[in-house]
Amino acid sequence: MPPKAEKGTVKSVEIIDGSDEEGGAVVGKTTTSNKTASNPSPQVQQTLESRSFWKAGAYDVGPTTKRPPDHGQLEHARVHPKFLHSNATSHRWAFGAIAELLDNAVDEIHNGATFVKVDKIDVMKDNSPALLFLDDGGGMHPERIRNCMSLGFSSKKSNTTIGQYGNGFKTSTMRLGADVIVFSRATTASQATQSIGLLSYTFLRRTGQDDVIVPMIDFDVSGHWAEPIIYSSQDDWSSNLKVILEWSPFPSKEELMLQFEDIGPHGTKVIIYNLWLNDEGIYELSFDDDDEDIRLRDEANQGGLTNLRRKTIELQSHISYRIRYSLRAYVSILYLRKFSNFSIILRGKPVQQLHIADELKYSKVIAYKPRLGGGESEVTVETTFGFDKEAPSIWVSGLNVYHKNRLIRPFWKVTADGSSKGNGVVGIIEANFIEPAHDKQDFERSSVFVRLEARLKQILLDYWKDHCHLMGFQPPGARAHREQKQSPVQLSVGLAANVEQEIVQSMDGLPANIGQDGSHEKVTSRDGPGSISIDQICEENIQLFVRCEEHMQKEEELKQTAECLEKELEEAKKKLAQISSYLETRRKQKIMGLQIGKFE
């Protein structure tokens with residue numbers, strides 16, 4: 001169990017996000033308040049009452065300690081520390097948060113990154129575990145690291161980069177632990193720099209802050225020595241350093257600077273500490289079950305039950321189940337295309353990427369053209385369907401939907417529960433034409449997504465109907481077709497043809513679920529005249545749904561056209577009124593001119 005947060009007094013430090021000239025903010029500049037360690041305010045004494053993530057946001061907020069802005073100065077919007085926690089709750093799954101940090105490293109491939117390391121380290125201060133991410137990408141210069149640790153800023157505009165909302169770093173780190181410290185080294189055309197930033201929920205709570213404060217310091221390493229970069233004053237720089245040393249795992253400046261030794265000339269190191277606990281008071285992430293893996297403790301425990309049937313054990317060994325608790329399994333399918341010059345190294349061992357399409361048998365590539373609307377250009381998407389290689393021993397099915405090379409929905413089941421249709425069929429699609437949700441574990445439920453879901457279901461059922469016999473299933477309608485051909489009574493060769501026809505017709509009138517011996521069997525749909533199969537009904541429902549969507553879209557387009565025409569009509573009426581008024585004025589002027597001419 002980790003030690004509880006120490007009780008004591010701390011110095012309150014206010015970090016201002018803005019330039020001194022404009023009265024705005026730049027993360028990393030500090031001014032100290034009048035509260036001192038010897039005479040703290042009662043509201044400052046905040047302790048971490050719970051180390052469970054889902055309870056960490058439940059604490060009382062005292063009155064603000066901020067004085068109103070001076071006359072003539074603008075007040076900047078504050079973000080309360082509680083927002084860090086509520087913002088991180090978008091990640092319901094801890095592995096989803098880890099994937100966000102891996103995405104940041106993968107996005108650095110275009111800056112020369114060749115690896116990202118994920119590992120567990122020990123914090124010497126309290127002998128607790130911490131989570132380490134280290135990459136050799138381009139690193140972050142002082143301005144970029146401030147943007148990274150600010151809320152909602154994103155400089156990723158490329159169509160190939162995964163990150164886009166500018167929120168992933170904050171939500172993911174705060175989902176995994178209460179505190180994070182970032183070390184980054186970068187080289188630009190003008191100078192080489194190294195920067196340190198601290199985002200500490202523990203510090204913000206225990207010092208009673210009502211604004212998110214991010215202490216940061218920078219060094220110029222262009223020469224032989226690391227020279228501090230001073231933005232306002234040496235006291236401000238020292239205040240930032242003091243907060244970092246007090247609230248980070250590194251109590252001295254020397255230990256802090258040692259963290260840059262394994263970064264190299266450029267790259268970034270992220271250390272998440274004070275990791276969250278589960279409801280039982282045990283670390284949510286397990287580092288002890290496997291020295292080469294990181295596991296979700298609660299999910300792993302569910303998979304470790306004894307006295308299970310052999311089929312259940314085989315199913316739990318499948319990748320579709322292991323991704324629930326094994327980070328190595330999840331990361332192996334996290335990216336659609338295999339990297340050529342980039343490695344994800346988990347606890348000292350590279351992760352072997354698994355291309356799901358290579359694990360299928362009887363695979364088939366099917367082209368799909370989504371109807372996007374809104375004037376967007378038409379795209380063609382290739383979907384791959386096939387039977388899982390373990391079928392028919394175990395039945396695993398579902399669609400793996402990627403977005404910009406990144407897995408969003410793994411083994412998504414689109415067929416009805418309890419139905420045998422689609423058993424063993426696995427699909428892969430890269431759907432760059434729909435937008436993922438902020439946690440990148442699902443998609444925004446737009447009309448395009450609804451149409452995609454309906455179309456994928458139809459493709460899956462079509463594939464199943466054409467290939468299920470390869471897995472030992474009868475194609476839909478095959479049994480009814482066979483029964484229709486066979487006569488239930490053995491007739492002699494000499495019987496007249498009309499007698500045989502009468503017997504077959506009489507048997508065709510029996511209910512479909514009654515066998516020859518009168519016993520009831522499962523309902524079998526028939527393809528003969530006068531009946532319709534369940535597959536046909538499903539397909540017709542899907543087609544009707546798609547047609548309904550098309551009609552709704554056409555109706556919307558017609559409404560927009562009608563509105564545009566009405567606007568044009570109104571504008572034409574206004575112009576007509578103006579022209580009529582003008583002509584009337586001209587006519588009156590002409591009449592008056594004629595009358596004046598007569599008097600003269």
Side-chain angles (χ1 to χ4, degrees), residues 95-119 133-138 156 158-164 168 267-268 290 292-294 317-368 379-390 396-412 425-434 436 440-441:
F95 282 177
I98 293 176
E100 284 270 13
L101 296 172
L102 292 176
D103 292 342
N104 289 341
V106 170
D107 284 341
E108 284 296 302
I109 292 178
H110 72 280
N111 287 327
T114 61
F115 70 84
V116 57
K117 293 181 180 179
V118 185
D119 211 337
F133 295 82
L134 173 65
D135 69 66
D136 64 340
K156 299 175 181 179
S158 170
N159 290 329
T160 58
T161 53
I162 302 167
Q164 57 182 322
T268 300
D290 189 336
E292 296 179 347
D293 198 2
I294 297 174
S317 66
H318 192 270
I319 186 72
S320 62
Y321 188 89
R322 288 189 290 116
I323 60 175
R324 301 181 187 181
Y325 65 86
S326 167
L327 182 61
R328 182 171 292 276
Y330 177 56
V331 173
S332 70
I333 63 171
L334 186 59
Y335 301 101
L336 177 60
R337 288 174 287 279
K338 294 184 178 181
F339 302 118
S340 56
N341 297 307
F342 185 83
S343 300
I344 300 175
I345 304 172
L346 177 58
R347 304 199 72 180
K349 181 180 179 181
V351 174
Q352 298 297 321
Q353 288 185 269
L354 178 66
H355 192 205
I356 299 176
D358 295 338
E359 304 296 309
L360 305 180
K361 50 189 178 183
Y362 310 118
S363 63
K364 181 180 180 181
V365 177
I366 303 168
Y368 166 57
V379 296
T380 300
V381 183
E382 287 189 348
T383 62
T384 303
F385 283 84
F387 284 102
D388 185 84
K389 67 176 184 179
E390 301 295 335
V396 172
S397 59
L399 303 175
N400 296 275
V401 189
Y402 289 78
H403 180 268
K404 293 183 179 179
N405 197 44
R406 158 77 136 82
L407 180 64
I408 305 297
R409 294 199 68 166
F411 295 95
W412 171 34
V425 178
V426 175
I428 304 99
I429 181 174
E430 185 175 21
N432 295 339
F433 52 89
I434 51 178
K440 297 188 180 72
Q441 297 299 309

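The shown structure was predicted, so the numbers you read here are calculated from the model rather than taken from an experiment.
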Could you give me the CA-CA distance, side-chain angles and deciding distance for His403 and Asn432, then say whether side chain to side chain contact (heavy atoms under 4.5 Å, CB included) is met? CA-CA 5 Å; His403 180 268; Asn432 295 339; 4.2 Å; yes

Would you say the side-chain atoms of Asn405 pair up with the backbone N or O of Leu336, donor to acceptor, closer than 3.5 Å? yes

I need the minimum non-hydrogen distance between Gly137 and Ala113, along with the two atoms involved. CA-CB, 3.6 Å

Non-neighbouring partners of Phe385 that pass ring-ring contact (aromatic ring centres under 6.0 Å, His included), sequence neighbours left out: none

Working to the nearest 0.5 angstrom, can you tell me the gap between Lys404 NZ and Asp103 CG? 11.5 Å

Working to the nearest 0.5 Å, report the span between CG of Leu407 and CD1 of Ile333. 5.0 Å

Which pairs count as salt bridge (charged side-chain N to carboxylate O under 4.0 Å, His left out) when at least one residue sits in residues 327-340, sequence neighbours excluded? Arg337-Glu430

Results of side chain to side chain contact (heavy atoms under 4.5 Å, CB included) for Arg322 - residues two or more places apart only: Ile319, Tyr325, Ala329

From Leu334 CG over to Ile98 CD1, what is the distance, rounded to the nearest 0.5 angstrom? 10.5 Å

Determine the minimum heavy-atom distance between His318 and Glu390, stating which atoms define it. CD2-CG, 3.9 Å

ring-ring contact (aromatic ring centres under 6.0 Å, His included): pairs with one or both residues in residues 338-363, sequence neighbours excluded: Tyr335-Phe339, Phe339-Phe342

Heavy-atom nearest pair, Val401 first then Ala431, reads CG1-CB, 4.0 Å

Run Asn341 and Thr114 through side chain to side chain contact (heavy atoms under 4.5 Å, CB included) and show every step you take. CA-CA 6 Å; Asn341 297 307; Thr114 61; 5.5 Å; no

Kindly determine whether Ile429 and Leu399 satisfy side chain to side chain contact (heavy atoms under 4.5 Å, CB included), including the steps that lead there. CA-CA 8 Å; Ile429 181 174; Leu399 303 175; 5.6 Å; no

Between Asp136 and Gly267, is there a donor-acceptor pair closer than 3.5 Å when you use the side chain of the first and the backbone of the second? no

Starting at CG of Leu346, measure out to CG of Leu102 and round the result to the nearest 0.5 Å. 9.0 Å

Those residues that, when tested against Ser363, pass side-chain hydrogen bond (donor to acceptor under 3.5 Å, both in side chains) (two or more places apart): none

Separation between OG1 of Thr383 and CD1 of Ile428, rounded to the nearest 0.5 Å: 9.0 Å

Taking atom OH of Tyr368 and atom OG1 of Thr380, what is their separation to the nearest 0.5 Å? 11.0 Å

Look at the aromatic rings of Tyr330 and Phe95 and report parallel, tilted or perpendicular, splitting at 30° and 60°. parallel

Which pairs with one or both residues in residues 355-364 pass salt bridge (charged side-chain N to carboxylate O under 4.0 Å, His left out), sequence neighbours excluded? Glu359-Lys389

Taking the side chain from Asn400 and the backbone from Phe411, do they hold a donor-acceptor pair closer than 3.5 Å? yes

For a side chain to side chain contact (heavy atoms under 4.5 Å, CB included) with Phe387, tell me which candidate from Val396, Val425, Val426 qualifies. Val425

Return the minimal non-hydrogen interatomic distance between Gly348 and Asp119, and the atom names on each side. N-OD2, 4.2 Å

